[in-house]
Amino acid sequence: MQVPSPDPSQPVESQEAWNGQFQWPQPSDLKIVVEHRVAKGDAAEEILRFAKAVKCDLIVMGTHGRTGLRRLLTGSVAEEVLRNATCPVLALKTPSPDSPLAETMPGEAG
């Protein structure tokens, strides 16, 4: 059975085919409203397209913090979003696997 393409204009929770497909991080404070979205395509392009469509005030995203040749060879979604977003972008570096913070990051693989 083929899973239909995601519709980023709708929260993934309202798309039956995508329910249960991912483990979404949840806020510890239930007063914080979080909607999860899924899109298919080039990551930076989809993030920028969605941010523009919903008139985002802020984009928050993680980054591995690669530099030099590794970044040039693999590209950087965060860098492309930082350069092209029409709103502020907060990029947070993912803790390294040997960092004490890495143990508290759910779903992170080293």
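One is the number of the first residue; the rest follow in order along the sequence.
- Nearest heavy-atom pair, Glu80 versus Leu48, reported as atom, atom and distance to 0.1 Å: O-CD1, 4.3 Å.
- Apart from Phe50 itself, the hydrophobic cluster it occupies contains Val54, where clustering links Ile, Leu, Val, Met, Phe, Trp and Tyr at side-chain heavy-atom distances under 4.5 Å.
- By the side chain to side chain contact (heavy atoms under 4.5 Å, CB included) test, Ala39 is found to be paired with Pro8, Glu46, residues two or more places apart in sequence or in another chain being considered.
- Among residues two or more places apart in sequence or in another chain, the side chain to side chain contact (heavy atoms under 4.5 Å, CB included) test is passed with Lys31 by Asp29.
- Val34 belongs to a hydrophobic cluster with Ile32, counting contacts under 4.5 Å between side-chain heavy atoms of Ile, Leu, Val, Met, Phe, Trp and Tyr, direct or through other members.
- Scored by the side chain to side chain contact (heavy atoms under 4.5 Å, CB included) test, Ala51 finds Cys56, Ile59 as partners (sequence neighbours excluded).
- Here the side chains of Val77 and Met61 are in contact, with some heavy-atom distance below 4.5 Å.
- Considering only residues two or more places apart in sequence or on other chains, Glu45 meets the side chain to side chain donor-acceptor pair (under 3.5 Å) condition with none of them.
- Residues meeting the side chain to side chain contact (heavy atoms under 4.5 Å, CB included) test with Val60, sequence neighbours left out: Leu58, Leu90, Leu92.
- Evaluation of the side-chain hydrogen bond (donor to acceptor under 3.5 Å, both in side chains) test over residues 51-62, restricted to residues two or more places apart or in two chains, returns none.
- Under the side chain to side chain donor-acceptor pair (under 3.5 Å) criterion, Asn84 pairs with no residue at all, not counting sequence neighbours.
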